[in-house]
Number of protein chains: 4
Amino acid sequence: MRILFKFLKVAFVALPLLAMRQDKPLRVIFFGDSITQAGVSPTGYITKMTEMLKAQGKESQYELMGAGIGGNKVYDLYLRLEDDVLSKKPDVVFIYVGINDVWHKTTYGTGTDPDKYVKFYEALIKKMKAQNIRVIVCTPTVIGERNDASNPQDGDLNYYSRLIREIATRNNLQLCDLRKYFQDYLAQNNPKNEEKGILTTDRVHLTDNGNKFLAEKMMEALVQK
Amino acid sequence: MRILFKFLKVAFVALPLLAMRQDKPLRVIFFGDSITQAGVSPTGYITKMTEMLKAQGKESQYELMGAGIGGNKVYDLYLRLEDDVLSKKPDVVFIYVGINDVWHKTTYGTGTDPDKYVKFYEALIKKMKAQNIRVIVCTPTVIGERNDASNPQDGDLNYYSRLIREIATRNNLQLCDLRKYFQDYLAQNNPKNEEKGILTTDRVHLTDNGNKFLAEKMMEALVQK
Amino acid sequence: MRILFKFLKVAFVALPLLAMRQDKPLRVIFFGDSITQAGVSPTGYITKMTEMLKAQGKESQYELMGAGIGGNKVYDLYLRLEDDVLSKKPDVVFIYVGINDVWHKTTYGTGTDPDKYVKFYEALIKKMKAQNIRVIVCTPTVIGERNDASNPQDGDLNYYSRLIREIATRNNLQLCDLRKYFQDYLAQNNPKNEEKGILTTDRVHLTDNGNKFLAEKMMEALVQK
Amino acid sequence: MRILFKFLKVAFVALPLLAMRQDKPLRVIFFGDSITQAGVSPTGYITKMTEMLKAQGKESQYELMGAGIGGNKVYDLYLRLEDDVLSKKPDVVFIYVGINDVWHKTTYGTGTDPDKYVKFYEALIKKMKAQNIRVIVCTPTVIGERNDASNPQDGDLNYYSRLIREIATRNNLQLCDLRKYFQDYLAQNNPKNEEKGILTTDRVHLTDNGNKFLAEKMMEALVQK
């Protein structure tokens with residue numbers, strides 16, 4: 001009798017949770033630039049994450065959506081935040097932006113000043129938090145794969161990554177430290193100190209291996225408690 | 001009797017309007033960068049406009065407010081639009097931004113791409129129009145005063161000015177073509193083809209004469225029907 | 001008798017000149033960047049000049065040689081001056097450099113400061129003059145064909161062109177004012193204010209028409225007394 | 001008798017050498033940019049080296065000369081090589097250039113491409129070697145003193161330093177690895193990860209401590225066998 005009661009008690013609590021889970025998967029938006037735009041292609045990292053979830057029989061628990069546009073910098077995300085993210089009512093958002101903020105300084109003269117980068121980044125966070133979104137911030141990966149700190153933008157990417165780590169701490173947010181993961185990987189797996197060809201095809205955009213590696217790291221962050 | 005009635009009818013309609021006018025001056029915000037930030041200083045162009053209104057006995061009809069921050073580009077205006085403009089319920093807004101969008105390309109590598117410039121500019125306009133604000137758009141003045149089209153940023157400033165003229169047409173807005181006014185003035189008043197010293201102290205920021213010239217042009221635009 | 005004497009006198013003077021002319025054509029080197037490198041291709045401007053000379057039966061009087069290397073700036077010319085020009089003992093040298101000195105500022109951050117541009121340019125001239133070479137200096141053509149002074153580098157190209165005009169005057173050299181010729185042509189022949197497609201394929205490198213136009217202007221300068 | 005002869009033979013050879021040594025100190029030229037220009041000031045590194053030699057009673061053995069000009073890049077050194085170095089018949093030359101080649105990319109858009117940097121560097125070396133000069137090549141120190149590889153130009157400075165190390169190897173030259181020395185020092189002596197104030201006043205130019213540190217490292221290289 002007591003056991004039955006206990007079972008019922010558990011059932012009363014657990015069943016609605018289960019039901020909710022089945023009816024409404026966790027909606028996850030990846031908000032970023034060209035790497036994320038390519039993330040929903042057949043070999044992209046978001047596609048690979050969906051495949052990983054299927055393989056684990058968890059496809060009904062998550063709904064992964066890409067919101068990446070090539071060439072985007074942090075303020076471009078801010079301009080389309082309402083349309084491309086908030087209006088879609090996501091539960092989780094990965095912010096993965098910064099490559100172009102650094103890169104375009106050299107290639108077009110139109111990068112983003114570090115103080116402005118932080119300002120817009122925190123403006124994004126504020127609006128997402130107001131909608132109770134779980135925000136996961138990512139450090140920018142690489143512009144060049146050399147592992148002796150001699151890629152031209154390494155200093156700046158390290159600096160912007162540090163700014164994001166500080167943003168995570170200050171706003172009490174989960175950090176997905178992609179730059180660190182990439183650097184650690186390349187320290188082990190780039191014996192010839194190549195500029196590209198390991199995780200990237202062109203120093204920035206991902207190889208199949210790069211997409212796979214990114215998918216794993218994003219997944220770890222997503223399922224983390 | 002009928003005449004009296006008519007007079008009264010007119011009086012009932014007109015008196016509140018007259019009263020309103022006296023009670024509530026036209027609120028005008030100047031939204032821009034360091035030139036506008038300096039505009040509210042004792043010798044700045046906004047101060048000079050207020051003095052012009054006083055001299056004409058119109059000080060009660062207009063309330064001029066500066067909203068300029070040094071180093072601002074178009075997307076910085078977008079970020080602070082709500083706080084610094086919309087929340088103040090202005091009747092008229094001058095948008096005067098673009099110098100840094102061009103200049104910072106060279107000095108910091110952090111200028112603004114032309115397509116992004118237009119995008120953010122029109123996003124500003126859209127939000128202001130939704131609040132029934134009369135928007136006056138200004139072309140960027142100068143970076144260097146040489147009058148033979150040989151200042152390094154002349155090509156880019158001409159291009160961004162053209163974009164603003166197109167924005168004005170497309171959005172049916174009043175244009176205050178400051179760049180044209182400055183170029184015409186310098187064609188006449190810079191016989192030695194100097195880089196600075198006529199309207200600017202340092203190729204960008206205004207001399208007393210520059211502030212006076214700007215104040216006149218802004219005033220013409222403001223009182224224009 | 002007197003007539004015979006006169007004839008002989010003329011013959012004594014003229015014959016050696018004629019002989020010299022036939023034995024040794026005037027050697028002309030075009031010293032520059034990618035436009036000049038492409039100048040010796042089948043449709044290039046130097047090839048077209050050679051064809052023009054043939055059509056006029058003057059092919060034996062001139063020997064045209066290209067010395068252009070893609071991406072070259074003025075200091076690159078200085079580094080290879082001995083090998084690619086002086087050692088070849090030319091009679092005439094066209095210096096046609098400046099596009100990359102301006103353009104690379106934006107695209108790679110590796111343009112040339114104006115004062116350094118002048119310094120290296122005059123160092124080139126000094127060494128050529130020491131070898132009695134007739135030097136013809138050319139202003140840089142275009143980066144973008146818009147005819148309303150709104151190509152991003154127009155201001156800088158106008159400035160560097162002015163520097164070259166001043167170099168020509170200061171060093172008493174012949175000027176081939178290519179930028180002016182191009183601007184005048186585009187003012188007449190670019191009704192839609194296009195960025196490219198009239199004289200250039202890509203805002204810089206020449207169409208067949210562009211090569212033809214350049215060949216004519218270079219030829220005028222070459223045969224000028 | 002044979003011994004006397006041998007002694008005399010040695011004496012005849014050795015005495016002039018000894019005499020020459022005493023009469024003619026080793027002439028050392030420091031060839032570089034603003035850091036070297038400031039090196040001959042009362043607190044500069046070259047002045048400190050001269051003081052060190054005096055303290056050791058070796059002032060008659062060395063003659064140290066500065067040949068630094070503010071803002072110089074590698075090609076500027078090439079332009080003034082004859083006048084400022086070769087014509088002075090030095091025995092030893094320190095080449096210490098590269099900061100501006102990297103820095104000016106961002107601040108003026110007029111840095112030096114890496115391949116051109118190597119080309120001009122080796123052209124310098126070739127001409128010095130032809131005059132039997134002992135060349136010591138130095139890696140560029142720092143632009144920013146942060147010790148977590150997050151100064152904006154760290155990647156590029158590391159890259160150009162690697163190019164110089166390769167130049168040293170390829171040309172069989174002595175290397176004075178200043179960048180490594182500075183980085184090692186800052187790893188130990190910059191606990192707050194400051195941008196400036198330890199070895200530099202402004203991220204680039206040297207404090208008194210910086211000049212002292214540089215003088216020691218240069219001296220070690222100079223007296224090295």
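Proteins get letters first, then strands, A, B, ... in listed order; numbering begins at 1 in each. This one's a predicted model, so the numbers in the text were calculated from it and none came from an experiment.
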Task: Approximate separation, where rounding is to 0.5 Å, of Tyr108(B) OH and Asp113(A) CG - done: 8.0 Å

Task: More than 12 heavy atoms of other groups within 6.0 Å of Asp83(B) CG - done: yes

Open item on the list: I need the residue from Lys73(B), Lys119(B), Lys105(B) with the largest number of non-hydrogen atom pairs under 4.5 Å to chain A.
Closed with: Lys105(B)

Open item on the list: More than 12 heavy atoms of other residues, nucleotides or ligands under 6.0 Å from NZ of Lys54(A): yes or no?
Closed with: no

Task: Winner by heavy-atom pair count (cut-off under 4.5 Å) against chain A, out of Thr107(B), Asp76(B), Thr112(B), Asp101(B) - done: Asp76(B)

- [ ] Specify whether Tyr75(B) and Tyr75(A) have parallel, tilted or perpendicular ring planes, treating 30° as the upper limit for parallel and 60° as the lower limit for perpendicular.
- [x] parallel

Task: Within 6.0 angstrom of Lys126(A) NZ, more than 12 heavy atoms from elsewhere - done: no

TODO: Working to the nearest 0.5 Å, report the span between NZ of Lys116(B) and OG1 of Thr110(A).
DONE: 7.0 Å

TODO: Count the heavy atoms of every other residue, nucleotide or ligand shown that sit under 6.0 Å from CG of Asp115(A), and state whether that count exceeds 12.
DONE: yes

Open item on the list: Let's test your reading of the structure: which of Gly111(A), Ala123(A), Gly71(A), Gly109(A) forms the most heavy-atom pairs below 4.5 Å with chain B?
Closed with: Gly109(A)

